[in-house]
Amino acid sequence: MLKGKVAIVTGSTSGIGLGIAKELGRLGADLVLNGFGDAGEIETIRSDIESERGVRVVYDGADMSKGQSVRGLVAATIETFGRLDILVNNAGIQFTAPVEEFPPAKWNAILDINLSAAFHAVAAALPQMKKQRWGRIVNIASTHGLVASTHKAAYVAAKHGLVGLTKVVGLETAGSGVTCNAVCPGWVRTPLVEKQISDIAAQKHKSQKEAAAEILAEKQPSQEFVSPAQLGGTVAFLCSAAADQITGTAISVDGGWTAQ
Ligand code: NAD
């Protein structure tokens, strides 16, 4: 389905981004992986996807907290492959604290990586996508792009901003062959959430298993975690012809969280 197409997935050395990259690769897209981690482990991820999926996979370690690096990632991809078809803005970080204790440096870092990086990437990618008259931009937001929780001021602000940016880009590209949508996952058991589970377990003297059950019980009616592979499937659907008229919207994959 995606043979001949080129996809960037930011933050794809781990968790959701890796699940999305694997699915786009399975469907035939050449890939640019991005994110931090151990160089040897990243090379194993890169070469495994390349050999298992039979696609070309390159790694670019651009730092998504720096606008110029984000724009550089897009430029380098177009330089290497001669095109850019799919942009998945996925890199993200989390930090929790009451708003009056929230460290300003953490606020800035979350806004930079979870929101501004998408602005820079979209701005840099659109001229090429418009020239090709086809493009898919998928912003990985969150249920926290639609509703709030306590102690997540920066994350909720950034994710609501990302849903807003998605609407504007959807409008500005309407009819051009480019679509822009947000995906809003509920709890997904990745390193980002594992840390929150550990914090709750430590605070409440619970086991990891009990703390995981507690966060699901609090928010996610299905009582099951969403998987990175399921989110890969959602992004693949947005890249399919069936989704040609879906733009400027947010799709929840949250086990019923935001239906409440
Ligand atoms: P994760 O920690 O497993 O992965 C985050 C990825 O982003 C990693 O590859 C990391 O190296 C990369 N990254 C972090 N800072 C970076 C930077 N400055 N430059 C480049 N790469 C950077 O987390 P995840 O749970 O897979 O989260 C992925 C996205 O999904 C995030 O935007 C997150 O907000 C969103 N999300 C996660 C959940 C969840 O429950 N896990 C729910 C909703 C939304």
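Both ligands and their constituent atoms are indexed starting at 1 by order of listing. Since this is a predicted model, take the numbers as computed values, not measurements. Every heavy atom of this structure was used, including side-chain atoms; hydrogens, water molecules and symmetry mates were not.
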Donor-acceptor pairs under 3.5 angstrom involving side-chain atoms of residues 156-164: please list them, not counting sequence neighbours.
from, atom 1, to, atom 2, distance (Å)
Lys159, NZ, Ile140, O, 3.0
His160, ND1, His144, O, 2.9
His160, ND1, Val156, O, 3.0

Please tabulate, for side-chain N and O atoms in residues 211-219, each donor-acceptor pair with protein atoms closer than 3.5 Å (sequence neighbours left out).
from, atom 1, to, atom 2, distance (Å)
Glu214, OE1, Lys206, NZ, 2.5
Glu214, OE2, Lys204, NZ, 2.6
Lys219, NZ, Ser149, OG, 2.9

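Each of Thr247, Asp244, Asp85, Asn181 was compared with Arg136 under the side-chain hydrogen bond (donor to acceptor under 3.5 Å, both in side chains) criterion, and only Asp244 meets it.
Val74 and Trp134 are members of different hydrophobic clusters when ILVMFWY side chains are connected at heavy-atom separations under 4.5 Å.
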inquiry  = Applying side chain to side chain donor-acceptor pair (under 3.5 Å) to Asp60 and Asn34, what does each step give before you reach the verdict?
reply    = CA-CA 5 Å; Asp60 186 319; Asn34 161 261; 4.9 Å; no
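With sequence neighbours excluded, the residues that form a salt bridge (Lys or Arg N to Asp or Glu O under 4.0 Å) with Lys66 are Asp63.
Sorted by chain then number, the residues whose non-hydrogen atoms approach ligand 1 to under 4.0 Å are Gly11, Ser12, Thr13, Ser14, Gly15, Ile16, Asn34, Gly35, Phe36, Ala62, Asp63, Met64, Ser65, Asn90, Ala91, Gly92, Ile93, Ile113, Ile140, Ala141, Ser142, Tyr155, Lys159, Pro185, Gly186, Trp187, Val188, Thr190, Pro191, Leu192, Val193.
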